[in-house]
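Worksheet: the structure to be examined is printed underneath.
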Amino acid sequence: MRVVVLDFETASACDLKLSGAWRYAEDPTTDVICASVTVNQHDSFLWTPNHVNSTQRLNALAADPETIFVAHNAGFEKAIWRRIMVPVLGFPDIVNSRWHDTMAVCAMRRIPLDLEHAAKVLNLPQQKDSEGSKITLGLSKLSKKGWYDRSAEKLLRTYQYCMQDSNTEVALLDEIGYLPEGERDVWLMDQKINERGVRIDKEFVRRAQQVIAGTQAPLLREFAGLTGGLKPTQVDKVKGWVEREGYWLPDLKKETLARVLGSVESTEKGEDFYGHDLPDLPAMPDRVARAMAIRALLGSASIKKLARMDACAGMDGRARGLVQYHAAGTGRWGGRLLQPQNFPRGTGKHDPDAAVAAILTGDHEWVQTLLGEPTAVVQNSLRHALVANPGRALVAGDFSGIEMRVVLALAGQHDKTALLATGKDVYVDMADDIYKKPKGTTTKKDIAERTIGKNTVLGCGFQMGWQTFKRRYCPDQTDEFAQGVVSAYRKEWAPEVPKLWYALDEAALDTVRTGEPHEAYGVEFSIDGRWLVARIPSGRKLWYFNPQLRRKRMPWYTEENPDVREVWTFQTQKMGQWITVDAYGGILTENVVQALARDLLVHAMFLCERENMPVVLTVHDEIVIEPLMKDAKFSTLEQIMTETTKWAKGIQVPIAVEGWVAERYRK
DNA sequence: GTACTCTGCGCC
DNA sequence: AAACGGCGCAGAGTAC
């Protein structure tokens, strides 16, 4: 078997970042400049399209079924191969099973995904040539006269850059190797999903943009008129204006504005993770209130998804490459390009069909008359732009409250998993404990109590403290109330769960301290090179880079109670930054539970693929499929998702699935 | 111009 | 005993 490390350099008028690899590779202006080809880690050559000798060599490698191709973000190399190398330049295809992706391994091992930072963090002997990268990007830029500058000198520099990239990739492959068998299968499925894509209703996108264009210009003008020429997105400047108007706001978040405008709509606000304390404020001057109402409406960038859908949809109307394998350290997929994982969910009140029909007129006044504020209607309908092929349907299923269910099962809180298995409402059961009432007293009609119970069950499984609970879910209640809630969860409702936190905390810390493996609740911690590895009950491993011991003042440290302990830290990426974070029981529990929930999802996704129900999207606890059968039913998917694995049966995870069948994506 | 940080917003 | 989990994208502002 031969291993080829392959890296293309390309140039195009199409914006790769904006449109994604598949749309980019289809673009008529996209040119392949060169490729570096490294055989068995040492034998390198440069391929260029018109060079006979290198073309023959590359052709022979591609034609050999025993040769595998390694790339960093193989999806890109594959898109170029399938859309250009095969159909335009006559190379033989390379099937998915012959591709390997070092980026996927970086993702699995929780180090930065981009080659430059991965090489840096790992201290590889070969680093990326960042200057060459800029010159290569320059090949895609038109000069002022409308020419591409692709002089011999620039091309030569690009070739050098390409060869150095290859060196870095070879060093990376040496260091991190391949995906283990199970994850290899997940990645292969990921590639299928990304290549399959999701169909975009381009007509709908166009009409929605018309509606937006018609409705937003006057609002922007009005906002500028009120504020002296500002845009609603200029946060600092708008805050300054508000102050000059004699008012004060801590920030311009939608939630804050909703509170001061007195228009907090639903009681489900408890879902919001980041509520905050607002002092009692005087009434807002009318012009400020009007400006803030416009800001609340136009502050969301979600309608930008429309342009992105347009940019990403390929010639056949499908957008590809929308999900990233193992983007989260726990293994969950991340969303890419038009980010299909954070579509506004809508109020739940709107009828998708009515909204779509109104938007399809492209007439913002009609939308306004029929359904209200057009911007809001379009925002809430964005997800409906994802559609099934004609004559087919989308089917979706999601695991309800899956993390709450897994944490209870893993902790061995059998009374509660049994209660869940009966289908009873556990939130009211929790509320009985919080309000110290006999079991069965609280009912679904006690909305406020049930919401507190719900937030407790969903929120307290991972060591959340009372301060956080209060801030998020009941800022108007007393400290004692919030303390009582957290205590009811830990002492009365799910006393097994805290034991899980402490056991994982201790086992992981002992492993870092001694370098020897330690186990708790079926989670085996060990050291593997520069990582701490947690092997979870599904058999999969979670990776923590560069574990280090340190002494730490605990969050509750005071002069009277100077609590300093030994903890361990690891490095990870947060908001694009490579940072060191502290590990503790709650976070480890959260990670393990989220990872197990992901594995339940993956298991169901495999079954879907096997049963001819192609997966087109995954949103953490949700699967969307586009079955080939015309009369697809939700019950088939439900059955698949309820069919759990051996390990899940072992710890008795009570599964519940909800879903729908429709022509368009919905919630 | 490009890269980076910060705020804000949306999701599970 | 005690602890704010996981993401990606857009726009503004700033540094280079």
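Given the structure is predicted, the values throughout are model-derived calculations rather than measurements. We name chains A, B, ... by the order of the sequence lines, and we start the count at 1 in each one.
Across all strands, A:Phe462 comes closer than 4.0 Å to no nucleic acid atom at all (heavy-atom distances). Among the atoms of the strands shown, base atoms are found under 4.0 Å from some heavy atom of A:Asn561. The residue A:Leu252 sits close only to the backbone: its heavy atoms come under 4.0 Å of sugar-phosphate atoms, none of a base. Within the nucleic acid shown, A:Asp398 has no heavy atom closer than 4.0 Å to any nucleic acid atom. Contacts of A:Gly329 with the nucleic acid, taken as non-hydrogen atoms under 4.0 Å apart, involve only primed sugar atoms and P, OP1 or OP2. Within 4.0 Å (heavy atoms only), A:Gly465 reaches sugar-phosphate atoms of the nucleic acid but no base atom. Across all strands, A:Glu403 comes closer than 4.0 Å to no nucleic acid atom at all (heavy-atom distances). Residue contacts for A:Leu337: at a heavy-atom cut-off of 4.0 Å it reaches the sugar-phosphate backbone alone, with no base atom in range.
Rounded to whole angstrom, the span from the OH atom of A:Tyr473 across to the C1' atom of C:dG5 amounts to 10 Å. The nearest whole Å value for the distance from the CZ atom in A:Arg308 to the P atom in C:dG8 is 13 Å. For the pair A:Arg405 CZ and B:dC12 C1', the interatomic distance rounds to 15 Å; values are reported in whole Å. Rounding to whole angstrom units, CZ of residue A:Arg383 and P of B:dC12 are separated by 7 Å. As a whole-Å value, the separation of A:Gln573 CD from C:dG6 C1' is 14 Å. B:dG10 atom P lies 21 Å from atom CZ of A:Arg336, rounded to whole Å. Summarising the geometry, the separation between OH on A:Tyr584 and P on C:dA1 is reported as 18 Å, rounded to the nearest angstrom. For the pair A:Leu588 CG and C:dG6 C1', the interatomic distance rounds to 14 Å; values are reported in whole Å.
Centroid-to-centroid, the aromatic rings of A:Phe545 and A:Trp543 stay 6.0 Å apart or farther.
In terms of phosphate contacts, A:Lys305 brings no side-chain nitrogen or oxygen within less than 4.0 Å of OP1 or OP2 of B:dG10. Taking side-chain N and O atoms only, A:Gln467 has a distance below 4.0 Å to OP1 or OP2 of C:dA3. The phosphate of C:dA1 has neither OP1 nor OP2 within less than 4.0 Å of any side-chain N or O from A:Lys491. Contact between the side-chain N/O atoms of A:Lys304 and the OP1/OP2 oxygens of B:dG10 is not found at any separation under 4.0 Å. Listed pair A:Ser300 / B:dG10 meets the phosphate criterion, a side-chain N or O lying under 4.0 Å from OP1 or OP2.
Nearest nucleotide to the A:Lys552 side chain, out of C:dA3, B:dG8, B:dC12: C:dA3. Nearest nucleotide to the A:Lys667 side chain, out of C:dA3, B:dC12, C:dA10: B:dC12. Nearest to the side chain of A:Gln339, among C:dA3, C:dC9, C:dA10, sits C:dC9. The side chain of A:Ala327 sits closest to C:dC7 out of B:dC12, C:dC7, C:dG5. The nucleotide whose nearest atom lies closest to any side-chain atom of A:Arg295 is, among B:dG8, C:dA10, B:dC12, B:dG8. Here B:dG10 is the nucleotide among B:dG10, C:dA3, C:dG6 with the atom lying nearest to any side-chain atom of A:Pro344.
For residues 373-382 of chain A, the set of pairs meeting the salt bridge (Lys or Arg N to Asp or Glu O under 4.0 Å) definition, not counting sequence neighbours, is empty. Applying the salt bridge (Lys or Arg N to Asp or Glu O under 4.0 Å) test to pairs two or more places apart or on separate chains, those with a residue in residues 588-603 of chain A are A:Glu183-A:Arg598, A:Arg540-A:Asp599. For residues 394-403 of chain A, the salt bridge (Lys or Arg N to Asp or Glu O under 4.0 Å) pairs, not counting sequence neighbours, are A:Arg332-A:Glu403.
In this structure, A:Lys305 satisfies the cation-pi test against A:Phe343, with its NZ or CZ atom closer than 6.0 Å to the six-membered ring centre and inside 45 degrees of the ring normal.
Judged by distance alone, with hydrogens and angles left aside, A:Arg332 brings a side-chain donor or acceptor within reach of the base of B:dC12, the pair sitting under 3.5 Å.
Residues satisfying the side-chain hydrogen bond (donor to acceptor under 3.5 Å, both in side chains) test with A:Arg664, not counting sequence neighbours, are A:Asp201. Considering only residues two or more places apart in sequence or on other chains, A:Asp479 meets the salt bridge (Lys or Arg N to Asp or Glu O under 4.0 Å) condition with A:Lys470. In terms of the side chain to side chain contact (heavy atoms under 4.5 Å, CB included) criterion, residue partners of A:Ser300 (sequence neighbours excluded) are, by chain and number, A:Ser302, A:Gln379. For A:Asp510, the side chain to side chain contact (heavy atoms under 4.5 Å, CB included) test picks out A:Glu506, A:Arg513, A:His518, with sequence neighbours left out.
No side-chain heavy atom of A:Tyr544 sits under 4.5 Å from any side-chain heavy atom of A:Thr572.
Heavy-atom distances under 4.0 Å link DNA chain C to A:Glu590, A:Gln594 of residues 590-600 of chain A, given in residue order.
Residues A:Trp501 and A:Lys574 each lie close to DNA chain C; by heavy-atom proximity, the contact nearer the 5' end of the strand is made by A:Trp501.
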Show me the protein contacts with nucleotides 12-14 of chain C, counting only N or O atoms at under 3.5 Å.
| unit_1 | atom_1 | unit_2 | atom_2 | d |
| --- | --- | --- | --- | --- |
| C:dA12 | OP1 | A:Lys231 | NZ | 3.2 |
| C:dA12 | OP1 | A:Thr233 | OG1 | 3.0 |

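Under the 3.5 Å distance criterion, with hydrogens and angles disregarded, a donor-acceptor pair is assigned to the side chains of A:Asp563 and A:Trp556.
By the 4.0 Å N-to-carboxylate-O rule, A:Arg565 lies too far from A:Asp582 to be salt-bridged with it.
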